[in-house]
A.B. asks: 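Attaching a single structure in structure tokens format; questions to follow.
The shown structure was predicted, so the numbers you read here are calculated from the model rather than taken from an experiment.
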Amino acid sequence: MDTHDTALTLHGYWRSGTSYRTRIALNAKGLAYRQVSHDLRTGEQRTPDYLALNPQGLVPALEVGGHVLTQSSAIIEWLDERYPHPPLLPTDADDRAMVRAMAMIVACDIHPLNNVRVLNRLRDELGTGSDAMRGWTGHWIMEGFGALESMVARYGGRFCFGDRLTVADCHIVPQLYSAERFGVDLTAFPRLLETVRRVREQPCVAAAHPDRQADAA
């Protein structure tokens, strides 16, 4: 499908890390898009209308050209293929694999264990107390960030990989925001913190910050 002149509608939520990472990619490409908010706190992502768009009942979803794309990492790579400038993946195959690995540490090993539906089940179904919940969240963030600290120290430059924004930044920046929100002690990750703070200054990244979204509350 040819989508270059097709309107984009992003279904998301201001504080959702997956929506945040998708906004960064959209902004980096200089794309105009409409946002539709689904409040995860009240279960709006499970309404019949939204489930008709995304049967998994998760955010984000991207409507484009009569199609609905889901799963943020897949959406970001689709954006990079459809709108290749500026690129979010390096040209070298080895470098692309490393960038994807950094992104997947967040997308596969940290974020899924700390998202709303997992935390709700820990609390509501398994009776996990607040202290144990904080310990659970911090554990998985610390494990993932330990690996990312080493990888950013080895491969990073102005950005998490090299000297231009990549898919790795799109994933890591929102995860650091989440870690800060959960009060995780991040002093063990000085290179990661320094790099992400620099990345956050980029206009396309700053505009994607949760606090700058219309549905922020």
Side-chain angles (χ1 to χ4, degrees), residues 1-84 86 88-89 100 103-104 106-108 110-121 124 165-179 181-182 200 202-217:
M1 59 179 173
D2 185 0
T3 61
H4 287 77
D5 297 318
T6 301
L8 302 171
T9 299
L10 178 65
H11 295 263
Y13 176 60
W14 67 283
R15 206 165 58 186
S16 156
T18 51
S19 301
Y20 188 176
R21 68 177 72 143
T22 307
R23 291 193 300 266
I24 293 174
L26 285 161
N27 294 347
K29 297 294 183 180
L31 297 170
Y33 57 98
R34 183 173 72 96
Q35 293 198 66
V36 177
S37 178
H38 302 271
D39 194 331
L40 304 186
R41 297 167 298 184
T42 60
E44 288 182 358
Q45 76 279 14
R46 294 190 296 273
T47 62
D49 285 349
Y50 186 67
L51 289 173
L53 284 176
N54 182 1
Q56 198 174 13
L58 299 175
V59 295
L62 184 69
E63 284 191 90
V64 52
H67 295 261
V68 180
L69 309 177
T70 62
Q71 291 293 334
S72 60
S73 297
I75 293 170
I76 291 169
E77 291 225 14
W78 178 89
L79 288 168
D80 206 40
E81 292 173 2
R82 284 289 178 173
Y83 307 94
L88 293 176
L89 285 167
R100 287 184 172 114
M104 291 305 102
V106 173
C108 300
I110 303 176
H111 179 266
L113 292 167
N114 293 323
N115 67 15
V116 171
R117 60 179 181 164
V118 169
L119 297 179
N120 285 346
R121 182 164 179 81
D124 300 336
L165 186 81
T166 69
V167 170
D169 300 285
C170 294
H171 286 71
I172 293 170
V173 168
Q175 190 58 61
L176 184 62
Y177 166 81
S178 178
R181 187 164 65 88
F182 284 118
R200 282 172 165 171
Q202 301 300 308
C204 65
V205 178
H209 192 281
D211 291 347
R212 298 186 66 176
Q213 306 314 302
D215 59 329

A.B. asks: Looking at His38, Glu44, Gln45, which hits side chain to side chain donor-acceptor pair (under 3.5 Å) with His11?
C.D. replies: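 Exactly one option meets the side chain to side chain donor-acceptor pair (under 3.5 Å) with His11, and it is His38.
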
A.B. asks: Can you find a pair of side-chain heavy atoms, one from Gln71 and one from Gln56, that are under 4.5 Å apart?
C.D. replies: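 Result yes, sub-4.5 Å side-chain heavy-atom pair found.
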
A.B. asks: Please report the C-alpha distance between Val36 and Tyr50 in whole Å, then the side-chain angles of each, then the deciding distance to 0.1 Å, and finally whether the side-chain contact (heavy atoms from CB on, under 4.5 Å) criterion is met.
C.D. replies: CA-CA 11 Å; Val36 177; Tyr50 186 67; over 6 Å; no

A.B. asks: Restricting to non-hydrogen atoms, name the atom on Asn114 and the atom on Phe182 that form the minimum distance, rounded to 0.1 Å.
C.D. replies: O-CZ, 4.3 Å

A.B. asks: So which atom in Leu8 and which in Leu26 form the shortest heavy-atom distance, rounded to 0.1 Å?
C.D. replies: CD1-CD2, 4.0 Å

A.B. asks: I need the minimum non-hydrogen distance between Gly12 and Ser19, along with the two atoms involved.
C.D. replies: CA-OG, 3.3 Å

A.B. asks: Step by step, work out the side-chain contact (heavy atoms from CB on, under 4.5 Å) result for Thr70 and Leu58.
C.D. replies: CA-CA 8 Å; Thr70 62; Leu58 299 175; over 6 Å; no

A.B. asks: Would you say the side-chain atoms of Ser37 pair up with the backbone N or O of Trp14, donor to acceptor, closer than 3.5 Å?
C.D. replies: no

A.B. asks: At their closest point, which heavy atom of Leu40 faces which heavy atom of Ser16, and how far apart are they?
C.D. replies: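 Where Leu40 meets Ser16 most closely, the heavy atoms are CD1-CB, 4.4 Å.
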
A.B. asks: Is there a side-chain contact (heavy atoms from CB on, under 4.5 Å) between Glu77 and Arg100? Walk through the geometry before answering.
C.D. replies: CA-CA 10 Å; Glu77 291 225 14; Arg100 287 184 172 114; 2.9 Å; yes

A.B. asks: Look up atom CD in Glu81 and atom CG in Leu89, then write down how far apart they are to the nearest 0.5 Å.
C.D. replies: 8.5 Å

A.B. asks: Between Ala107 and Ser73, what is the shortest heavy-atom contact and its length?
C.D. replies: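 So the minimum-distance heavy-atom pair works out to CB-OG, 3.7 Å.
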
A.B. asks: Would you find a donor on one side and an acceptor on the other, under 3.5 Å apart, between the side chain of Ser178 and the backbone of Pro174?
C.D. replies: no

A.B. asks: Look up atom CG in Leu53 and atom CG in Leu69, then write down how far apart they are to the nearest 0.5 Å.
C.D. replies: 11.5 Å

A.B. asks: Just verifying a value: how many Å separate Thr18 OG1 and Gln175 CD, rounded to the nearest 0.5 Å?
C.D. replies: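 Those atoms lie 10.5 Å apart.
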
A.B. asks: About how many Å separate CG of Asp49 and CG of Asn54, when rounded to the nearest 0.5 Å?
C.D. replies: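 Answer for the CG-CG pair, Asn54 versus Asp49, is 13.5 Å.
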
A.B. asks: Would you say Tyr20 and Tyr13 make side-chain contact, with heavy atoms under 4.5 Å?
C.D. replies: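 The answer is no; the side chains never approach within 4.5 Å.
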
A.B. asks: Would you say the side-chain atoms of His171 pair up with the backbone N or O of Val167, donor to acceptor, closer than 3.5 Å?
C.D. replies: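 Yes, because the side chain of His171 sits within donor-acceptor range (under 3.5 Å) of the backbone of Val167.
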
A.B. asks: Which atom names give the shortest non-hydrogen contact between Ile75 and Thr22, and what distance separates them?
C.D. replies: CG2-CG2, 3.9 Å

A.B. asks: Begin with the C-alpha distance, continue with both residues' side-chain angles, and end with the deciding distance and a verdict on side-chain contact (heavy atoms from CB on, under 4.5 Å) for His111 and Arg21.
C.D. replies: CA-CA 12 Å; His111 179 266; Arg21 68 177 72 143; 3.9 Å; yes

A.B. asks: Going from CG on Asn115 to CZ on Arg117, what distance comes out if it is rounded to the nearest 0.5 angstrom?
C.D. replies: 5.5 Å

A.B. asks: Apply the test side chain to side chain donor-acceptor pair (under 3.5 Å) to residues Arg200 and Tyr177: give CA-CA distance (whole Å), side-chain angles for both, the deciding distance (0.1 Å), then the verdict.
C.D. replies: CA-CA 10 Å; Arg200 282 172 165 171; Tyr177 166 81; over 6 Å; no

A.B. asks: Looking only at atom types and distance, does a side-chain atom of Asn27 sit under 3.5 Å from a main-chain N or O of Ile24, one as donor and one as acceptor?
C.D. replies: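 The answer is no, because no donor-acceptor pair under 3.5 Å joins these two groups.
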
A.B. asks: Is the shortest side-chain heavy-atom distance between Leu62 and Tyr33 below 4.5 Å?
C.D. replies: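 Not in contact.
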
A.B. asks: A side-chain contact here means heavy atoms from C-beta on lying under 4.5 Å apart; do Leu88 and Leu79 qualify?
C.D. replies: no

A.B. asks: Could you tell me whether the side chain of Pro210 reaches within less than 4.5 Å of the side chain of Arg23, counting heavy atoms only?
C.D. replies: yes

